[in-house]
Amino acid sequence: MSVTIKSAREIELMREAGRILCITHEELKKALKPGMTTWDIDHLGEEIIRSYGCTPSFLNYNGYPASICVSVNDEVVHGIPDKKRVLREGDIVSLDAGVIYKGYHSDAARTYGIGEITPEAGQLMEVTKQCFFEGIKYAKSGNHLGEISAAIQKYAEKFGYGVVRDLVGHGIGTHLHEDPEIPNFSTRRRGIKLRPGMTLAIEPMINQGTLEVVWLDDDWTVVTEDGKLSAHYENTVLITEGEPEILSLVSAVCGE
C-alpha cells in the first residue's frame, strides 16, 4: 500500500478543487425540483465544473458515461443520468461528483429530498450525513483509519440501518482513487496510522434496510437488495496536525 503525503502546494490545489466542487453541489442543490430529469442534473453539473476551467473527474472514468452520478431512491451509487428518468415529489437523490483542478481531484456526495419527503427518508439522509461527522472526529494524526470506520458503523446501526460493505471510501490526490481503502464498518485490522498531509474521501453509504446490494445490468448502478432507500454523504478530507480540514465543504460557500 502506498499512501501519498501531499505537499503544501498540492494541498492548495486540492483545496481549490474542493472549493469548486462545493460550489457545484450548492448550485445543483438549488436547481433540484420535481420534473427534472437525471440527465438535466448531469448536464448542469458538467457546465458548472467546466465554467471554472476544471474537468469532471467521473466522465469516462473506467468507461462511466457521465459527469455526475445521479442515484435515486433505492440506488446506492453510480446511477447513470438518463433523459427519461424524471424526478418526482418525494424522491431522494444522491449526487456524487468530482472535480479535477490542475491535475488534482476532489470528490464529494450529497443526498437531497425532492419536494416533500417522508420523515423516514429525512431521517435516513440526516443520519447518513452525521455518520460522516461521527467518523471524522477520529480523522486526526496518530489515530488509526479503523477508528473512523468503526465510528461510522456504530452510529448508523444505532438506527437499525444497513452499512454497505461492498463499496468503500478511498484516498485521493492526482488520482481519483488512491490508497488506502476506507471502509464504513469495522474490520479486524486497525488500518494505517493517520499522518498530516493525507487526503481521504470518506463516504458513508447507508441503507434503510439490508446492507446487501446488487449491481444492475448496466454494470454501474448499485441498488439495495430489498428495494428500500439508500443515502450517500461524502467529502474530501485533509489530515492535519490538529482537526481535520474538509476540503469539499467550505462554510463561506456551502453553509452546511
Side-chain angles (χ1 to χ4, degrees), residues 1-26 48-49 52-58 61 69 95-110 128-153 155 167-184 189-205 232-256:
M1 182 185 297
S2 176
V3 180
T4 60
I5 303 296
K6 309 304 189 294
S7 67
R9 174 185 168 276
E10 289 178 306
I11 289 167
E12 273 307 308
L13 294 173
M14 291 192 69
R15 195 174 275 132
E16 182 62 9
R19 187 186 74 86
I20 292 164
L21 183 53
C22 180
I23 292 168
T24 302
H25 270 295
E26 197 65 14
I48 296 165
I49 291 167
Y52 285 90
C54 295
T55 305
S57 296
F58 297 172
Y61 181 80
C69 294
L95 307 181
D96 191 359
V99 159
I100 309 170
Y101 175 76
K102 296 186 178 179
Y104 286 82
H105 292 261
S106 59
D107 190 1
R110 310 278 186 264
T128 302
K129 179 178 175 180
Q130 189 58 33
C131 280
F132 168 85
F133 288 101
E134 293 297 319
I136 67 161
K137 289 177 182 177
Y138 298 90
K140 296 178 182 178
S141 180
N143 285 352
H144 287 265
L145 191 65
E147 295 175 73
I148 297 173
S149 304
I152 291 170
Q153 178 182 10
Y155 189 76
L167 301 145
V168 296
H170 50 91
I172 186 170
T174 54
H175 295 86
L176 178 59
H177 292 105
E178 299 183 353
D179 287 336
E181 289 192 343
I182 307 170
N184 296 307
R189 297 175 183 272
R190 297 174 72 193
I192 60 166
K193 186 176 279 192
L194 301 175
R195 293 171 53 197
M198 290 180 175
T199 43
L200 309 173
I202 299 169
E203 50 178 322
M205 289 159 273
H232 186 196
Y233 188 87
E234 174 186 21
N235 281 300
T236 300
V237 177
L238 169 68
I239 305 299
T240 74
E241 296 284 359
E243 294 296 318
E245 180 182 348
I246 307 174
L247 300 179
S248 53
L249 186 59
V250 185
S251 58
V253 178
C254 310
E256 292 202 19

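Residue numbers run from 1 in the order of the sequence given.
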- Item | Heavy-atom pair of closest approach, residues Arg110 and Leu249 | NH2-CD1, 3.8 Å
- Query: Looking only at heavy atoms, what is the nearest atom pair of Ser57 and Ile100, with distance?
  - Reply: OG-CG1, 3.5 Å
- Closest approach of Ala108 to Leu21 (non-hydrogen atoms, all atoms of both residues): N-CD2, 3.4 Å
- Item | Contact summary for Gly98 and Phe58, nearest pair of heavy atoms | N-CZ, 3.7 Å
- Task: Check whether any side-chain heavy atom of Cys131 sits under 4.5 Å from a side-chain heavy atom of Asn184, and report yes or no.
- Result: no
Exercise answer: donor-acceptor pairs, residues 169-176 side-chain atoms, under 3.5 Å, sequence neighbours excluded:
from	atom 1	to	atom 2	distance (Å)
His170	ND1	Leu176	O	3.1
His170	NE2	Asp107	OD2	3.1
His170	NE2	Glu203	OE2	3.4

- Query: Looking at OH of Tyr138 and CD1 of Ile202, how far apart are the two atoms once the value is rounded to the nearest 0.5 Å?
  - Reply: 13.0 Å
- What distance separates Thr55 OG1 from His105 NE2, expressed to the nearest 0.5 Å? 9.0 Å
- Message: Please give me the minimum heavy-atom distance between Gly135 and Ala151, naming the atom from each residue.
- Response: CA-CB, 4.1 Å
- Query: For the side chain of Ser248 and the backbone of Thr236, is there at least one donor-acceptor N/O pair under 3.5 Å apart?
  - Reply: yes
- Query: CD of Glu147: more than 12 outside heavy atoms within 6.0 angstrom?
  - Reply: yes
- Message: Are Phe133 and Tyr155 packed together at the side-chain level, in the sense that at least one heavy-atom pair is separated by less than 4.5 angstrom?
- Response: no
- Task: Salt-bridge test for Arg9 and Glu12: reply yes if a basic N is under 4.0 Å from a carboxylate O, no otherwise.
- Result: no
- Can Glu178 and Lys6 be counted as an ion pair, charged N to O under 4.0 angstrom? yes
- Task: Quick one: pull up CD in Glu243 and NZ in Lys137 and give me the separation to the nearest 0.5 Å.
- Result: 11.0 Å
- Side-chain heavy-atom pair Leu238, Thr199 within 4.5 angstrom cut-off: yes
- Query: Considering only heavy atoms from C-beta outward, does the side chain of Asn235 approach that of Ile136 to under 4.5 Å?
  - Reply: no
Listing, residues 189-196 side-chain donor-acceptor contacts under 3.5 Å, not counting sequence neighbours, or none:
from	atom 1	to	atom 2	distance (Å)
Arg190	NH2	His144	NE2	3.0

- So which heavy atom on Thr240 is nearest to which on Ser141, and how close? O-CB, 3.6 Å
- Item | Ile148 side, atom CD1; Ile239 side, atom CD1 - distance, nearest 0.5 Å | 5.5 Å
- Item | For Ile20, all residues meeting side-chain contact (heavy atoms from CB on, under 4.5 Å), sequence neighbours excluded | Glu16, Thr24, Tyr52, Cys54, Val99, Tyr101
